[in-house]
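Numbers for residues simply follow the sequence, beginning at 1.
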Amino acid sequence: MGVAIVVGGFWGDEGKGKIVAHIAFSDKPKIIARGGVGPNAGHTVEYKGKKYGVRMLPSGFVYEEARLLIGAGVLVNPEVFLKEVEMLNAANRAGVDYRCAIIERKHIEADTKSDHLRGKIGTTGTGCGPANADRVMRVAKQAKDVPELKPFLTDVPLEVNEAIDKGEFVLVEGTQGFGLSLYYGTYPYVTSKDTTASQMAADVGIGPTKIDDVIVVFKTFPTRVGAGPFPTEMSEEEAERLGLVEYGTVTGRKRRVGWWDGEMARYSAMVNGATQVAITGIDKLDKECYGVTEYEKLTKKAKEFIERVEEDTKTPVTLISTGPELEHIIDLRREKL
């Protein structure tokens with residue numbers, strides 16, 4: 001069945017966790033592998049009336065048949081990882097590549113005490129930047145150096161590519177968003193690594209010729225946490241008036257909110273090589289769309305917005321989230337692909 005990568009198209013918090021969870025239940029992947037920076041990004045999934053926020057394990061954990069892997073490119077905080085494994089009862093299916101670099105206490109302290117990182121850039125304070133710096137200097141610990149991680153160590157590229165060769169479906173989960181890419185984002189107000197689909201493939205050890213689909217997730221009203229340019233940002237008063245106030249999964253900080261940015265969406269889709277687009281928060285654009293599961297039942301306003309997104313990104317919109325629950329979604333993949 002091949003490989004699909006899910007990434008964020010704006011500045012993160014696009015609702016990738018919801019999209020990954022839906023695809024997992026629909027397409028039943030053998031493996032869900034996480035790429036990205038590390039525990040500085042949280043994914044929120046609401047399932048069976050309960051809200052889960054995960055920072056290390058893939059948010060597709062709700063599909064209990066899948067093996068859950070963390071790719072070699074990802075930074076691992078052992079404390080966060082082990083806590084999530086216990087919370088989700090996932091010890092029998094979680095794996096960490098033995099080459100993952102480790103976030104230590106000194107990295108978190110360096111992050112939180114840095115006037116540049118915390119003060120100017122507005123990082124999450126989870127130690128990712130300093131840990132990646134140590135990795136570049138070749139002095140960082142690896143997962144294989146941490147005794148507590150021994151039961152979970154594996155060769156992620158080997159597992160993933162063997163599954164692909166057997167015709168199994170592999171789902172790769174990205175973190176954060178295109179605008180936070182170290183290469184393509186609003187530098188210096190970015191994360192410590194690239195965040196595009198190509199990077200996610202490299203993080204889990206999949207060659208570019210094996211990728212079948214890249215699904216870029218956009219939010220109807222983009223949001224951003226921390227400092228940095230936000231060309232379509234609206235005032236806090238306007239966001240409150242529209243009922244768009246949100247808080248970050250990792251930091252709890254209030255998110256800045258903006259209007260749809262077609263120019264950024266087009267560039268993001270191009271660099272990511274999007275084959276599909278997923279839209280979340282259509283119910284924020286028009287409350288009458290809340291919980292709708294059929295495209296025909298969307299309002300005229302919502303349909304016009306979807307058409308605009310397709311025109312901006314030159315990519316079909318195949319998944320439309322209409323609310324927080326997993327079943328609040330319209331899946332058009334059979335019709336449009």
Side-chain angles (χ1 to χ4, degrees), residues 6 8-27 42-54 59-63 177 215-225 232-249 252 254-262 265 276-313 315-336:
V6 177
F10 285 136
W11 282 284
D13 305 318
E14 296 94 350
K16 295 179 291 295
K18 159 83 176 284
I19 299 301
V20 166
H22 170 75
I23 295 173
F25 276 110
S26 301
D27 299 3
H43 286 171
T44 303
V45 179
E46 291 191 34
Y47 180 55
K48 293 183 178 177
K50 191 172 179 182
K51 196 170 185 177
Y52 298 90
V54 289
S59 49
F61 71 87
V62 291
Y63 178 60
I215 302 166
V216 181
V217 185
F218 292 105
K219 209 171 185 177
T220 306
F221 294 96
T223 56
R224 178 168 194 166
V225 173
T232 64
E233 184 174 10
M234 66 177 72
S235 67
E236 280 192 35
E237 293 75 20
E238 183 72 356
E240 287 177 10
R241 187 183 71 78
L242 295 171
L244 300 173
V245 176
E246 296 180 15
Y247 294 88
T249 305
K254 196 173 187 178
R255 294 172 179 161
R256 300 155 63 194
V257 185
W259 303 100
W260 173 257
D261 188 337
Q276 302 178 47
V277 162
I279 288 291
T280 61
I282 200 75
D283 53 309
K284 301 287 179 64
L285 181 76
D286 190 336
K287 289 181 170 48
E288 288 185 31
C289 298
Y290 182 86
V292 168
T293 55
E294 297 173 38
Y295 184 79
E296 291 69 26
K297 293 184 178 177
L298 286 179
T299 61
K300 183 172 181 287
K301 183 179 181 182
K303 287 178 180 175
E304 287 176 349
F305 178 78
I306 297 300
E307 289 171 5
R308 178 184 173 188
V309 172
E310 292 189 329
E311 186 177 330
D312 285 339
T313 61
T315 307
V317 174
T318 56
L319 295 164
I320 304 167
S321 174
T322 60
E325 294 286 343
L326 271 179
E327 59 268 26
H328 294 164
I329 197 163
I330 299 170
D331 190 336
L332 301 170
R333 290 179 294 168
R334 287 189 178 178
E335 290 92 328
K336 292 199 173 186

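- Exactly one of Trp259, Phe218, Phe221 qualifies for a ring pair (Phe, Tyr, Trp, His ring centres under 6.0 Å) with Phe10. That residue is Phe218.
- Atoms CG and CE, on Leu244 and Met234 in that order, are 5.5 Å from each other to the nearest 0.5 Å.
- Thr322 places a side-chain N or O within 3.5 Å of a backbone atom of Val292 that can act as its donor or acceptor partner.
- A donor-acceptor contact under 3.5 angstrom links the side chains of Lys18 and Ser321, judged on distance only.
- Considering only heavy atoms from C-beta on, Val277 comes within 4.5 Å of Ile279 through its side chain.
- Nearest heavy-atom pair across Gly17 and Ser59 is CA-OG, 3.2 Å.
- Using a 4.0 Å cut-off between charged nitrogen and carboxylate oxygen, Arg308 and Asp312 count as a salt-bridge pair.
- Note: Ile19 CD1 to Leu319 CG = 5.0 Å, rounded to the nearest 0.5 Å.
- The closest side-chain heavy-atom distance from Val6 to Gln276 is not below 4.5 Å.
- Side chain of Thr220 to backbone of Leu285: no donor-acceptor contact under 3.5 angstrom is found.
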(message) side chain to side chain contact (heavy atoms under 4.5 Å, CB included), that's the test. Do Leu332 and Val317 meet it? Break it down for me.
(response) CA-CA 8 Å; Leu332 301 170; Val317 174; 5.6 Å; no

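- Taking both residues in full, the closest heavy atoms of Gly323 and Asp283 are given as N-OD1, 3.7 Å, listed atom of the first, atom of the second, then distance.
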(request) Evaluate the side chain to side chain contact (heavy atoms under 4.5 Å, CB included) criterion for residues Phe61 and Val54: first the C-alpha distance (whole Å), next the side-chain angles of each, then the deciding distance (0.1 Å), finally the verdict. (result) CA-CA 9 Å; Phe61 71 87; Val54 289; 3.9 Å; yes

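- Ile215 approaches Ala278 most closely through the heavy-atom pair CG2-CB, 4.1 Å.
- Here Tyr63 contributes atom OH and Ser26 contributes atom OG; the two are 10.5 Å apart, rounded to the nearest 0.5 Å.
- Between Ile329 and Ile320 there is no side-chain heavy-atom pair separated by less than 4.5 Å.
- Residues Lys16 and Thr280 are not in side-chain contact: their nearest non-hydrogen atoms beyond the backbone lie 4.5 Å or more apart.
- Salt bridge annotation for Glu310-Lys336: present, with a cationic side-chain nitrogen under 4.0 angstrom from a carboxylate oxygen.
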(request) Evaluate the criterion salt bridge (Lys or Arg N to Asp or Glu O under 4.0 Å) for residue pair Lys254 and Glu240; output intermediate values, then yes/no. (result) CA-CA 12 Å; Lys254 196 173 187 178; Glu240 287 177 10; 3.3 Å; yes

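- Annotation for Gly60 and Ala24: closest pair O-CB, 4.5 Å, computed over non-hydrogen atoms.
- Between Lys219 and Thr223, the side chains place a donor N or O and an acceptor N or O closer than 3.5 Å (distance only, hydrogens not considered).
- The number of heavy atoms from other shown groups lying within 6.0 Å of CD (Glu288) does not exceed 12.
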(request) Kindly determine whether Arg333 and Ile23 satisfy side chain to side chain contact (heavy atoms under 4.5 Å, CB included), including the steps that lead there. (result) CA-CA 11 Å; Arg333 290 179 294 168; Ile23 295 173; 4.1 Å; yes

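- Few gaps surround CD on Glu327; more than 12 heavy atoms of other groups in view lie less than 6.0 Å from it.
- Salt bridge status for Glu246 with Arg256: absent, with no side-chain N to carboxylate O gap under 4.0 Å.
- In summary, Asp13 and Arg255 engage in a salt bridge, as defined by a charged side-chain N under 4.0 Å from a carboxylate O.
- Looking at Lys301 and Glu304, no side-chain N of the basic residue comes within less than 4.0 Å of a carboxylate O on the acidic one, giving no salt bridge.
- A heavy-atom distance below 4.5 Å is not found between the side chains of Glu233 and Val257.
- A salt bridge is absent between Lys300 and Asp286: the closest approach of a Lys/Arg side-chain nitrogen to an acidic carboxylate oxygen does not fall below 4.0 angstrom.
- Remark: the backbone N or O of Gly12 is paired with a side-chain donor or acceptor of Glu14 at under 3.5 angstrom.
- Between Ile330 and Leu298 there is a side-chain heavy-atom pair separated by less than 4.5 Å.
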